[in-house]
Number of protein chains: 2
Amino acid sequence: MMPTLILYEDNPLLRDSIQSMLVLHDSIKLLGAFENPLEIINHIKEFNPDLLLMDIDMPGMSGIEAVTKVRIINKNIPILMLTVFDDNQHVFDAICAGASGYLLKKHISAKLFSAIDEIMEGGAPMSPSIARMVLQAMQQKKINDNPYQLTPKEKEVLTSLSKGNSYKMIGVEQAISIDTVRSHIKKIYEKLHVHSQTEAVSKAIHEKLV
Amino acid sequence: MMPTLILYEDNPLLRDSIQSMLVLHDSIKLLGAFENPLEIINHIKEFNPDLLLMDIDMPGMSGIEAVTKVRIINKNIPILMLTVFDDNQHVFDAICAGASGYLLKKHISAKLFSAIDEIMEGGAPMSPSIARMVLQAMQQKKINDNPYQLTPKEKEVLTSLSKGNSYKMIGVEQAISIDTVRSHIKKIYEKLHVHSQTEAVSKAIHEKLV
DNA sequence: CTTGCCATCGCATAATCATGTTATAGGTGC
DNA sequence: GCACCTATAACATGATTATGCGATGGCAAG
């Protein structure tokens, strides 16, 4: 089945250029091309596209804001960023917002269709320099840092638990009631997908969460 | 109070020499000097000495065997080995058997009395080269290897526990009843000086017991 | 053949934990 | 202000654990 898509790009020349590429390609169906994503939620509801192509620097609403908005209502639709920005801030803002791929504009002519194929197969196409940035960041921290999204308090409780402390001891140590300790540990179990102290401690130590 | 002691040494010249040193020293009382330790158990019962001086190479029974025999009936009486052997095997056999100190014969004239003082104060006098051997071995393995003397089964159970398994799961995994799992874990707690799963797991992982 | 250690199993009780449900107060973001 | 998240707290129930006591069979050392 032909994937359907919508393009958001404010520069008329580039928008027309991409539009031309897409309509000439008979395995892809372009549902629309807009100069800003202000109406993106309505577009999605109206056209039900398989994929979004998104510039970052657009008047009215940035592509990153647009991604954030889309992700509130739809966590799955692939969004491929098409942009000139290759700096850390833009790349990570986009990825954190929920972008599925990140193609620099200088690579569009050569890689756009393979990127679309890749993204439709569940991949995450990135320009080489972007991929490298992402890997480096992973190796450092950010994502790797707190893979289970534990809150600071939860991390604190888990650390104490991993030292061998009982609920009671943790409560005394952190000056909170034993029931509160329970609450935190309950949430920790949910986030770590475990069901006992030993599982949690084992996972925490081996994955260096503490 | 004057410490009392018994000497075992087969070489008559050396035995007389040591005997002379001891009787001339007025803060020590020599209860007897024998050429072999065959009657050592009776000697201990009869004389009730505070300390034993023990050669290794003696006819009839080696000093190491003698130490083993003594330790069966008395785990506390200090035994100082006096020997020419400074090889790994003899040293460790003697220590494993339960020797309290290890003095090479070439150091006897210079160190015997200070060694006796030290051993009576609960120390472990050793000739310098022996001390070094012992430290090196410690750093390698032997004692460091299984510092808590866990049996193979206990280690197995602890490993499973450290992976996050419950008693029930461990029982199934190792095809033993949950009560047996309890028994093993109880002993593990005693040996590790802990009182909960998390403490045990924490200790096990951090000290690389599993 | 006796003693001691290891592995096995059972039972009983009290303590602790796992889990669900509910609720309040402070902070953030829109 | 209204959602949403975080930290706090309480209560209840069933499950699991901690601990003590006791017992059997195998096996190795003395």
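Bear in mind that the values here come from a model prediction, so they are computed numbers and not experimental data. Proteins get letters first, then strands, A, B, ... in listed order; numbering begins at 1 in each.
Partners of A:Ser183 by side-chain hydrogen bond (donor to acceptor under 3.5 Å, both in side chains), not counting sequence neighbours: none found.
Rounded to an integer number of Å, the gap from CG of A:Leu161 to C1' of C:dT16 is 13 Å. Atom-to-atom, CD of B:Glu199 to P of D:dT17 comes out at 16 Å; the value is rounded to the nearest Å. B:Asn165 places its CG atom 14 Å from the P atom of D:dT16, with the value rounded to the nearest Å. Counting to the nearest Å, the C1' atom of C:dA7 and the CG atom of B:Leu150 are 15 Å from each other. Rounded to whole angstrom, the span from the CG atom of A:Asp179 across to the P atom of C:dG20 amounts to 16 Å. Rounded to whole angstrom, the span from the CE atom of B:Met61 across to the C1' atom of D:dG30 amounts to 12 Å. The CE-P distance, from A:Met169 to C:dC17, rounds to 10 Å in whole Å. Atom CD1 of A:Ile170 is separated from atom C1' of C:dT16 by 12 Å (rounded to the nearest Å).
Residue B:His195 has its side chain nearest to D:dT19 when only C:dC9, D:dT19, C:dC17 are considered. For A:Ser183, counting side-chain heavy atoms from C-beta on, the closest listed nucleotide (D:dA10, D:dA7, D:dA18) is D:dA10. Among the nucleotides D:dT16, C:dA18, D:dA10, the one closest to the side chain of B:Lys168 is D:dT16. The listed nucleotides are D:dA12, D:dA7, D:dG30; the one nearest the side chain of A:Arg182 is D:dA12. Among the nucleotides C:dA7, D:dT6, C:dT19, the one closest to the side chain of A:Thr151 is D:dT6. For A:Pro152, counting side-chain heavy atoms from C-beta on, the closest listed nucleotide (C:dA7, C:dA12, D:dA7) is D:dA7. Of the listed nucleotides (D:dA18, C:dC9, D:dA9), D:dA9 has the atom at the smallest distance from the side chain of A:Ile176. Listed candidates were C:dA18, D:dT16, D:dA18. Nearest to the side chain of B:Ile185 is D:dA18.
The phosphate of C:dT8 has OP1 or OP2 within less than 4.0 Å of a side-chain N or O from B:Lys153. A:Tyr189 has no side-chain polar atom (N or O) that falls below the 4.0 Å cut-off from OP1 or OP2 of C:dT19. Close to D:dG30, at under 4.0 Å from its OP1 or OP2, lies no side-chain N or O of B:Thr68. Residue B:Ser196 has no polar side-chain atom (N or O) positioned under 4.0 Å from OP1 or OP2 of D:dT17. Dashed line: the shortest gap from a side-chain N or O of B:Lys186 to OP1 or OP2 of D:dA18 is not under 4.0 Å.
Considering B:Ile28, B:Asp117, B:Leu80 as possible partners of B:Leu112, the one that fulfils the side chain to side chain contact (heavy atoms under 4.5 Å, CB included) test is B:Leu80.
With hydrogens and angles disregarded, no donor-acceptor distance shorter than 3.5 Å links the side chain of A:Thr180 to the backbone of A:Ile176. Without hydrogens or angle criteria, B:Asp50 side chain to B:Thr4 main chain gives a donor-acceptor distance under 3.5 Å. At distances below 3.5 Å, at least one donor-acceptor pair connects side-chain atoms of B:Glu199 with backbone N or O atoms of B:His195. Checking side-chain atoms of A:Glu154 against main-chain N and O of A:Thr151 turns up a donor-acceptor pair under 3.5 Å. Remark: the backbone N or O of B:Ala66 is not paired with any side-chain donor or acceptor of B:Arg71 at under 3.5 angstrom.
Within 4.0 Å (heavy atoms only), B:Thr180 reaches at least one base atom of the nucleic acid. Within 4.0 Å of B:Ser166, counting heavy atoms only, lie sugar-phosphate atoms of the nucleic acid but no base atom.
Contact detail for B:Ser62 and B:Pro37: the closest heavy-atom pair is O-CG, 4.2 Å.
The nearest heavy atom of DNA chain D to A:His184 and to B:Lys69 marks one nucleotide each, and the one closer to the 5' end goes with A:His184. Residue order along DNA chain C, read from the 5' end via each residue's closest nucleotide, puts A:Ile178 first among A:Ile178 and A:Glu190. In terms of position along DNA chain D, the nucleotide closest to A:Lys187 lies nearer the 5' end than the nucleotide closest to the other residue of the pair A:Lys187 and B:Thr198.
Side-chain N/O atoms of B:Asp55 and B:Thr83 include no donor and acceptor closer than 3.5 Å.
Taking the C1' atoms of five terminal pairs at each end of the helix from C:dC1-D:dG30 to C:dC30-D:dG1, the two resulting helix axes are inclined by 50°, rounded to 10°.
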